[in-house]
2 protein chains.
Amino acid sequence: MTLLTSWVESANSADTDFPLNNLPYGVFSTNSLEPRCGVAIGDQVLDMQALEENGLIALDDEPVFDVPYWNDVMELGPKAWETLRSRLMELLSSDASDQAAVAPHLVPLSDARLHMPMVVSEYTDFYAGRHHATNVGTIFRGAENALPPNWLHIPIGYNGRASTVVVSGTDIHRPNGQLKSPDAEKPSFGPCKRLDIELEMGAVVGGSNEMGRPVTVAEADEMIFGYVLLNDWSARDIQAWEYQPLGPFQAKAFATSISPWIVTRAALEPFRTSTPEREKDLLPYLQEPGPMLYDIDLAVLIEPEGGEQEVIARTNYNQMYFSAAQQLTHHASSGCAMCAGDLLGSGTISGPEKSERGSLLELTWSGKEPITLQNGATRSFIEDGDTMILTGHAQGEGYRIGFGACAGKILPAVEYP
Amino acid sequence: MTLLTSWVESANSADTDFPLNNLPYGVFSTNSLEPRCGVAIGDQVLDMQALEENGLIALDDEPVFDVPYWNDVMELGPKAWETLRSRLMELLSSDASDQAAVAPHLVPLSDARLHMPMVVSEYTDFYAGRHHATNVGTIFRGAENALPPNWLHIPIGYNGRASTVVVSGTDIHRPNGQLKSPDAEKPSFGPCKRLDIELEMGAVVGGSNEMGRPVTVAEADEMIFGYVLLNDWSARDIQAWEYQPLGPFQAKAFATSISPWIVTRAALEPFRTSTPEREKDLLPYLQEPGPMLYDIDLAVLIEPEGGEQEVIARTNYNQMYFSAAQQLTHHASSGCAMCAGDLLGSGTISGPEKSERGSLLELTWSGKEPITLQNGATRSFIEDGDTMILTGHAQGEGYRIGFGACAGKILPAVEYP
């Protein structure tokens, strides 16, 4: 696959995140437009509500772009998703006949504010990065017990909190919580001291299954509408004290950030890659009929208050031990009903090298090996005023499928009532 | 408080679950009426949509009873909840002036099908029963390590799955999942063999807090719209293999049943009681300004296929170590946004005696001491065809505040695709 050219000139650069090959889905507003669905193309965003109102696109008998989220489109199913993508290609390709009709509905991205692209029905976070699980297990339980016995068999996951999934650019207050160091006699309550990121991909579920009816891995892959970058903000000290026996709760509940554009499965198709060779055979229900991971370059950046952005880690989504399709299959395996708008976090993505670790917990080895920034400052964990940024793209020949940034700035903890 | 009398004669019995003192909120349909909000009174249900359409009740400028769920009423806030209750009292009390106008909007409960009373925004399950936590801890970790070190300080909880919260009467398929006995070399996949109930109360959150803004225990109490009975169906064998390190997932995801009527905080007001004396002082943010538990008698019944119902356990909600208000405060303590329609499970409610245990895991001591039913059959865990029923009521002088039953029948596991 090479670059597909568009009459929107800025979409034809090898550097843009949003060439015609991509066409990711978001929600935007401007000073004069209320929040609405949009599609990114080069340095522009295409107003889907206007397109539908003007009869340039029609996916259903009823309007689906009269609401500021993509859930209604998801519910139309994979055939409609294909129809939509084909029609957008047709409208935006360099040999389009409708340029004059479409052009008035482009808005410069620089004028747009970006909002959550969907209503998150429920949010589930997985733990499918082998290097991450090994690093964290080694830090907390020692090298011999690093990987839990179930880890190679089950895509381990837990239910997260959907109400605090926010779009990139949303500021986040440092959370308060119960803290207890191992040698303290009793817990105290106050601001988290070990605030961290987790570099993840989020799979947006677009299809659904009836309660009681599981899905195969092939069906699960078909149910995925697209992918976003996801930062699973984590309060390591709150987590350490609370997580036994029922798992992470308030340590993760205060915020999860996602990138504003849902990159479709179709756009990522050329970048499919397989999960690794299995050390232990997977149970049949989890076996993949084909490659279901993607080759996506990822980076973590930090921007201290008043300072410059710098990269502190680079890794790739192809490092995961389980794909989103396998995770979704496992999620529904008990009969759990999955719904359009469900968001599945991949788990923290770390590579084998130290520079490829997707959390500060790993990068600084639980704070014991602080990293030094370009301005000379050091970081064990996130400080107030720091902006943490995730970026990602799949690299094609002469083009890239970009995700846009997933950024969030940490504000001081609120005073407790 | 004594019985308040109504012109609906069946509401004046000491045995009815639904006297005028109660007025719980549900959703019903009949052969001729689409699902709509209703209020139970004696053996009747009052059609709120009809009442609103006929101008007999007006809570807001816009209709709130044109939808088949109570979330819109919740979002009006505590003042509107009081207004609604007062108006219903006025319309239904024995000295009401509007009887003739209201009577046509009563439907016999025997003609009504009951539906979910609300859209569940998110579901969180807690673990606040001390006897339960001690029993389970003893079974899994031995008597010395029964209660985790954090348990007396934190209302331990985890996020559950909202998409599979179903109303009483919904059949449930036995879940499939990964199973591995401690001596097996590798896991297998198939129907759960250790299927269980958990007797809980559910608190329905009606208010909300902005992300980043915690709430006090007093505010949390005001945010609670009402309570239901809740059965947190649990697959003990799936749970045992999957739950480390991130908590229960598919073991709980397949179904959670609730009773169909939301019993309001106002109806339960006379039955407030305190959480127990604290062995260890609670951190200030969790301290209660007044009694926030309730004296509610609870029972677990089993009805084998073709057999009779029989009680297998009795206990009381007053056994809990943390109230729903404390749980809600803890839930929001990190800055987690809580929303109208959120459902908080109390945790399994067990009393100190063997006959007071709220799960089969405890009643049969992990299957080692099966219980014998009246028909001579024994049960370690639930068998296909068994209907499990929870009941509960607060006992006033000459009246009771009943919840209606929370029942579910277990169907065989589905064949895997």
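Just so we're on the same page: letters track the sequence lines, and every chain starts at 1.
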A.B. asks: Please round to the nearest 0.5 Å and tell me the distance separating atom CD1 of A:Ile238 and atom OG of B:Ser333.
C.D. replies: 7.0 Å

A.B. asks: Chain B heavy atoms under 4.5 Å from A:Ser208: which part of the residue, side chain, backbone, both or neither?
C.D. replies: neither

A.B. asks: What residue in B:Leu411, B:Val166, B:Asp342 has the most heavy-atom pairs under 4.5 Å with chain A?
C.D. replies: B:Asp342

A.B. asks: Under 4.5 Å between any side-chain heavy atoms of B:His331 and A:Gln250, yes or no?
C.D. replies: yes

A.B. asks: Could you give me the CA-CA distance, side-chain angles and deciding distance for A:Thr124 and B:Phe249, then say whether side chain to side chain contact (heavy atoms under 4.5 Å, CB included) is met?
C.D. replies: CA-CA 10 Å; A:Thr124 306; B:Phe249 184 46; 3.6 Å; yes

A.B. asks: Of the backbone (N, CA, C, O) and the side chain (C-beta and beyond), which part of B:Thr256 lies under 4.5 Å from a heavy atom of chain A, both, or neither?
C.D. replies: neither

A.B. asks: Rounded to the nearest 0.5 Å, what separation is found between the CG atom of B:Leu283 and the NZ atom of A:Lys186?
C.D. replies: 8.0 Å

A.B. asks: Below 4.5 Å from any heavy atom of chain B, which atoms of A:Asp281 appear? Answer side chain, backbone, both or neither.
C.D. replies: neither

A.B. asks: Could you have a look at A:Ser188, A:Ala255, A:Ala235, A:Ser163 and say which one has the most heavy-atom pairs with chain B under 4.5 angstrom?
C.D. replies: A:Ser163

A.B. asks: Find the one option among A:Ala413, A:Gly160, A:Cys192 whose heavy-atom pairs under 4.5 Å with chain B are most numerous.
C.D. replies: A:Gly160

A.B. asks: State whether the number of non-hydrogen atoms from other residues, nucleotides or ligands found under 6.0 Å of A:Glu210 atom CD is greater than 12.
C.D. replies: no

A.B. asks: Where does A:Leu286 contact chain B at under 4.5 Å (heavy atoms): side chain, backbone, both or neither?
C.D. replies: side chain

A.B. asks: Select all residues of residues 137-156 of chain B having any heavy atom within less than 4.5 Å of some heavy atom of chain A, and report them by number, or 'none'.
C.D. replies: B:Arg141, B:Pro148, B:Pro149, B:Asn150, B:His153, B:Ile154, B:Ile156

A.B. asks: Give the member of B:Ala332, B:Pro245, B:Gly212 that has the highest number of heavy-atom pairs under 4.5 Å with chain A.
C.D. replies: B:Pro245

A.B. asks: Using only atom types and a distance under 3.5 Å, with no angle test, would you say the side chain of A:Thr164 pairs donor to acceptor with the backbone of B:Cys336?
C.D. replies: no

A.B. asks: Which pair of non-hydrogen atoms, one from B:Arg161 and one from A:Cys339, has the smallest distance, and what is that distance?
C.D. replies: NH2-N, 4.1 Å

A.B. asks: Quick check for you: to the nearest 0.5 Å, what is the distance between A:Leu246 atom CG and B:Leu246 atom CG?
C.D. replies: 11.5 Å

A.B. asks: Do you know which of B:Pro248, B:Gly335, B:Pro187, B:Ala253 has the most heavy-atom pairs with chain A at a distance under 4.5 angstrom?
C.D. replies: B:Pro187

A.B. asks: Picking from B:Lys252, B:His173, B:Gln244, B:Lys280, which has the most non-hydrogen pairs under 4.5 angstrom with chain A?
C.D. replies: B:Gln244

A.B. asks: Which residue out of B:Ser121, B:Ser334, B:Gly247, B:Pro175 racks up the most heavy-atom pairs below 4.5 Å with chain A?
C.D. replies: B:Ser334

A.B. asks: Could you tell me which of B:Phe254, B:Tyr243, B:Tyr285 has the largest number of non-hydrogen atom pairs under 4.5 Å with chain A?
C.D. replies: B:Tyr285

A.B. asks: At a 4.5 Å cut-off on heavy atoms, which part of B:Arg174 comes close to chain A: side chain, backbone, both, or neither?
C.D. replies: neither

A.B. asks: Give a yes or no answer on whether the side chain of B:Glu122 reaches the backbone of A:Glu122 with a donor-acceptor pair at less than 3.5 Å.
C.D. replies: no

